Amino acid sequence: MNIALKTRVKYWFEYLRLAHQSNDPKIIQSLNANKSFYKEWGNYLNTSFDDWWKSHAHLFRELSKVKRLQSGDEIEENSFSFQLPFTYQPTSAAKIFKEMYGREFEIRRTVKKKLKKVYGGTFSLTVDDLKVDRMRYYLHYTKNVYLPLKNSEERVTTKQFIKKAEEVFGKVKKLTKSSDKSRIPFQTSSKVYENQNRNARRYNIYSDNLLFNVTKGVFPGEYEKPRDKVVTIKKSPNYPVRSHKKDGSSVDRERELHRDHNIHGRRKPRVQKV
């Protein structure tokens, strides 16, 4: 489905505004560090998207695709183009391309030219086929569930996220143009806690990543994997010390010590006088 560029950019716009509402120190720090990237966006915090789009639509363009150039094709400024005769073997051609592309890539990175931003004042999303049906629910969750609970001073449990999400999404109606396969989350007939728990954890990861990505000038970027990896510490098993008897058979040393203690430390029973 061909989604209009305006519709896709709107989600970028809305997520950037939500990022400014976050109390997460990492998001705040990233926003300050990349403030210059959004300089051309103007006063987006205090303007509706429709009004803002009228004066800033020229900043955006469709994502450039990998394609074979034909005679008469226009060379795009945000693309790497080169001509190579068929006299080279594929392995040699690949090596030449890698060296030339790598060199040009480093030049752009040194002068702080981001691949998403083209000089001349244009921006593009990191994907061309943005899942708008799902992104609508992600934005709704981030705005009405994730941020309100995350910004609270109390520690929030997954159960609280589920309860809040069920209240919020209970009022959501499916759009007429939405795909039949697109189901509204937290609104299924199944009330199995494990399913809702999995949904809440997944949507929390999406919200966290999408908010952090926009602060760096990236949208949507990679958002389906946790930003902070969970480190699992494996403990070494504590095996009992074993010793060997004279005949070569093995015996549990701790059990042997315990037995000796009982034998030698056992008190003699009292003999009562009649």
Side-chain angles (χ1 to χ4, degrees), residues 1-22 24 26-41 44-45 49-50 52-53 56-57 59-66 78-79 109 113-118 121-148 150 161 165 168-169 172 175 177-179 181-186 198-229:
M1 182 167 55
N2 185 18
I3 307 297
L5 179 62
K6 178 181 177 181
T7 304
R8 287 175 279 152
V9 172
K10 183 177 181 179
Y11 287 99
W12 188 349
F13 178 89
E14 295 296 344
Y15 262 103
L16 179 59
R17 285 160 60 105
L18 287 179
H20 283 272
Q21 299 177 22
S22 174
D24 188 336
K26 293 181 180 179
I27 290 178
I28 296 171
Q29 182 182 5
S30 186
L31 276 172
N32 293 330
N34 298 287
K35 191 181 295 183
S36 59
F37 183 83
Y38 289 106
K39 186 178 180 180
E40 295 179 72
W41 285 40
Y44 57 86
L45 288 174
F49 175 75
D50 289 332
W52 177 85
W53 181 254
H56 294 83
L59 295 176
F60 298 88
R61 65 181 295 171
E62 297 286 353
L63 184 67
S64 298
K65 297 181 177 68
V66 176
N78 195 34
S79 302
R109 192 168 63 171
K113 284 189 177 182
K114 296 184 183 262
L115 296 179
K116 300 159 291 304
K117 180 180 177 181
V118 186
T122 56
F123 296 74
S124 64
L125 286 78
T126 58
V127 293
D128 190 43
D129 56 339
L130 186 70
K131 299 175 183 176
V132 173
D133 283 358
R134 306 309 304 171
M135 195 58 65
R136 171 180 174 238
Y137 300 138
Y138 301 159
L139 179 65
H140 194 63
Y141 182 90
T142 304
K143 182 179 181 179
N144 300 295
V145 180
Y146 182 79
L147 274 179
K150 273 289 184 179
F161 278 109
V168 169
F169 281 90
V172 174
L175 297 177
K177 294 183 180 180
S178 297
S179 168
K181 296 179 181 179
S182 177
R183 296 181 179 179
I184 300 176
F186 305 100
R198 185 164 50 250
N199 269 341
R201 291 178 181 277
R202 187 159 47 93
Y203 271 63
N204 284 345
I205 291 172
Y206 296 170
S207 297
D208 180 54
N209 287 333
L210 287 166
L211 287 170
F212 188 69
N213 287 349
V214 292
T215 65
K216 301 182 295 180
V218 178
F219 188 81
E222 172 57 57
Y223 62 88
E224 295 185 346
K225 297 178 182 179
R227 177 159 53 98
D228 298 321
K229 294 183 179 180

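Along the sequence shown, the residues carry numbers beginning at 1. Please read these numbers as outputs of a predicted model, since none were measured by experiment.
Listed for the Trp52 side chain is a donor-acceptor partner under 3.5 Å among the backbone atoms of Trp41. Judged by distance alone, the side chain of Ser207 and the main-chain N or O of Tyr203 form a donor-acceptor pair under 3.5 Å. Between the side chain of Asn213 and the main chain of Val218, no donor-acceptor pair closer than 3.5 Å is present. With hydrogens and angles disregarded, no donor-acceptor distance shorter than 3.5 Å links the side chain of Arg8 to the backbone of Val132.
Two rings, from Trp12 and Phe49, have their centers 6.0 Å or more apart. Taking the six-membered ring for Trp, His56 and Phe123 have ring centres at least 6.0 Å apart. The aromatic ring centroids of Tyr11 and Tyr138 lie 6.0 Å or more from each other.
Of the options Phe169, Phe186, Tyr146, a ring pair (Phe, Tyr, Trp, His ring centres under 6.0 Å) to His140 is made by Phe169 and by none of the others. Tested against Leu211 for a side-chain contact (heavy atoms from CB on, under 4.5 Å), the candidates Tyr15, Tyr206, Tyr223 yield a single pass: Tyr15.
Side-chain contact between Phe60 and Trp53 is present, with heavy atoms from C-beta onward closer than 4.5 Å. Using a 4.5 Å heavy-atom threshold, the side chains of Lys225 and Ile205 count as separate. Looking only at side-chain heavy atoms (C-beta outward), Asp24 and Lys150 stay at 4.5 Å or farther from each other. Using a 4.5 Å heavy-atom cutoff, the side chains of Lys6 and Asp50 are in contact. Within the 4.5 Å cutoff, side-chain heavy atoms of Leu147 are placed close to those of Ser22. Using a 4.5 Å cut-off on side-chain heavy atoms (C-beta onward), Leu139 and Leu18 make contact.
Expressed to the nearest 0.5 Å, how far CE of Met135 lies from CG of Leu210 amounts to 5.5 Å. The NZ atom of Lys216 sits 12.0 Å away from the CG atom of Leu31 when rounded to the nearest 0.5 Å. To the nearest 0.5 angstrom, Leu16 atom CG is 8.0 Å from Phe13 atom CZ. A distance of 8.0 Å separates CG in Asn32 from CD1 in Ile28, rounded to the nearest 0.5 Å. The CG atom of Leu59 sits 12.0 Å away from atom OH of Tyr38, with the distance rounded to the nearest 0.5 Å. In this structure, Arg17 CZ and Lys143 NZ are separated by 8.0 Å, a value rounded to the nearest 0.5 Å.
Minimum interatomic distance between Pro220 and Leu130 (heavy atoms only, all atoms of both residues): CG-CD1, 3.7 Å. Nearest approach of Asn209 to Glu224, heavy atoms of both residues: ND2-N, 4.2 Å.
Between Arg202 and Asn199, the side chains place a donor N or O and an acceptor N or O closer than 3.5 Å (distance only, hydrogens not considered).
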